[in-house]
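Okay, structure first, notes after.
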Amino acid sequence: MFDDFLFRAALAGIGLTFATGPLGSFVVWRRMAYFGDATAHAAILGVALSFAFGISVYLGTLGVALAMALTVARLSGRGHAMDTLLGVLAHSALAFGLVAASLQSGLRVDLSAWLFGDILAVSRSDLAVVWGGSAVVVALLAWRWQGLLTATINDELAMSSGLDPRREQMALTIALALTVAVAIKIVGALLIAALLIIPAATARQFARGPEGMAAGATGVGIASVLLGLWGSLQFDTPAGPSIVAASTVLFVLSLPLRRAR
């Protein structure tokens with residue numbers, strides 16, 4: 001069964017959604033969409049450095065994504081304009097990553113797979129990384145769930161409850177970097193943020209609580225993966241973009257639910 005590439009692709013996509021569902025909900029609640037973009041775009045630089053130094057792409061991507069996320073979080077606390085800062089860092093990281101990748105002939109050929117994903121090429125070892133990484137993200141979010149919710153509502157409320165908002169932000173930063181690292185082969189650096197945001201935005205149309213929205217985002221993500229893979233197989237389209245396109249269709253279909261509530 002694991003020798004079937006389509007079955008492995010579906011398993012990889014489903015495993016990833018267990019991380020992107022709840023994490024994407026926090027990205028939507030905290031309006032961190034650009035934060036996610038900056039971290040995801042930096043992943044290309046991580047891929048290039050991984051090939052240059054002969055280390056695991058997952059480890060290289062995780063290191064660079066974490067460094068980017070920590071840099072953005074640190075600078076934002078010093079009063080820098082966040083939208084401008086994130087825009088500069090996101091596009092600069094992508095540009096430097098593409099330049100570094102272009103200097104390596106072997107990587108230049110495969111660059112589109114890292115930009116847009118290559119879920120149909122996941123191996124058994126990739127499956128272990130995806131499911132293991134998602135399990136760590138889910139465990140981290142479950143452990144800090146109440147603190148993250150409180151800090152998301154209001155920093156002063158969190159501090160009055162004995163919580164440190166910076167610690168909660170750090171938990172989200174680590175979770176985001178880890179998710180980017182395990183997602184890059186599935187949907188690619190350019191589409192990771194979309195898979196975080198769109199299912200969560202869809203679930204918000206009908207969710208009645210934070211937990212319901214996290215679970216709903218996971219469900220929408222799973223449906224997007226399966227529909228996207230089916231569409232890719234039927235119409236011979238790239239699998240990663242097809243998954244995001246399916247997620248977008250589900251979002252559009254969910255819009256009347258908000259008006260009906």
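- V249 is not listed as a side-chain neighbour of L227, based on a closest heavy-atom distance of 4.5 Å or more.
- In this structure, M213 and W29 have side chains that are in contact, with non-hydrogen atoms separated by less than 4.5 Å.
- Within the structure, the salt bridge (charged side-chain N to carboxylate O under 4.0 Å, His left out) test picks out the following pairs touching residues 161-172 (sequence neighbours left out): R144-E168, D164-R166.
- The hydrophobic clustering, which links ILVMFWY residues whose side-chain heavy atoms are closer than 4.5 Å, places V88 and M32 apart.
- Other cluster members for M170: L66, L70, L140, W143, I174, joined by side-chain heavy-atom distances under 4.5 Å among Ile, Leu, Val, Met, Phe, Trp and Tyr.
- The backbone N or O of L229 lies less than 3.5 Å from no partner atom in the side chain of S232, so there is not a single donor-acceptor pair.
- Alongside F235, the hydrophobic cluster contains W230 (criterion: ILVMFWY side chains under 4.5 Å).
- Listed by first and then second residue, the salt bridge (charged side-chain N to carboxylate O under 4.0 Å, His left out) pairs involving residues 127-140 amount to none (not counting sequence neighbours).
- Applying the ring pair (Phe, Tyr, Trp, His ring centres under 6.0 Å) test to residues at least two apart or on different chains, none of the pairs has a partner in residues 153-186.
- In terms of the ring-ring contact (aromatic ring centres under 6.0 Å, His included) criterion, residue partners of W145 (sequence neighbours excluded) are, by chain and number, F26.
- When only modelled atom types and interatomic distance are considered, T237 and S242 share a side-chain donor-acceptor pair under 3.5 Å.
- Side chains of V220 and F251 form no contact here, defined as non-hydrogen atoms less than 4.5 Å apart.
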When the side chains of residues 186-200 are checked against the rest of the protein, which donor-acceptor pairs come out under 3.5 Å, sequence neighbours left out?
none

Atom pairs and distances, donor-acceptor, side-chain atoms in residues 43-59, under 3.5 Å, two or more places apart:
from: S50; atom 1: OG; to: G46; atom 2: O; distance (Å): 2.7
from: S50; atom 1: OG; to: S56; atom 2: O; distance (Å): 3.4
from: S56; atom 1: OG; to: Y58; atom 2: N; distance (Å): 3.2
from: Y58; atom 1: OH; to: D126; atom 2: OD1; distance (Å): 2.7

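- Listed by chain and residue number, S123 satisfy the side chain to side chain donor-acceptor pair (under 3.5 Å) test with S125 (two or more places apart in sequence, or in another chain).
- Looking only at distances, no side-chain donor or acceptor of S247 sits under 3.5 Å from a matching main-chain atom of I243.
- Using a 4.5 Å heavy-atom cutoff, the side chains of M68 and H41 are not in contact.
- Through chains of ILVMFWY side-chain contacts below 4.5 Å, I153 is grouped with L157.
- The ring-ring contact (aromatic ring centres under 6.0 Å, His included) check on F18 picks up W131, with sequence neighbours excluded.
- Identified under the ring pair (Phe, Tyr, Trp, His ring centres under 6.0 Å) test for residues 146-191, with sequence neighbours left out: none.
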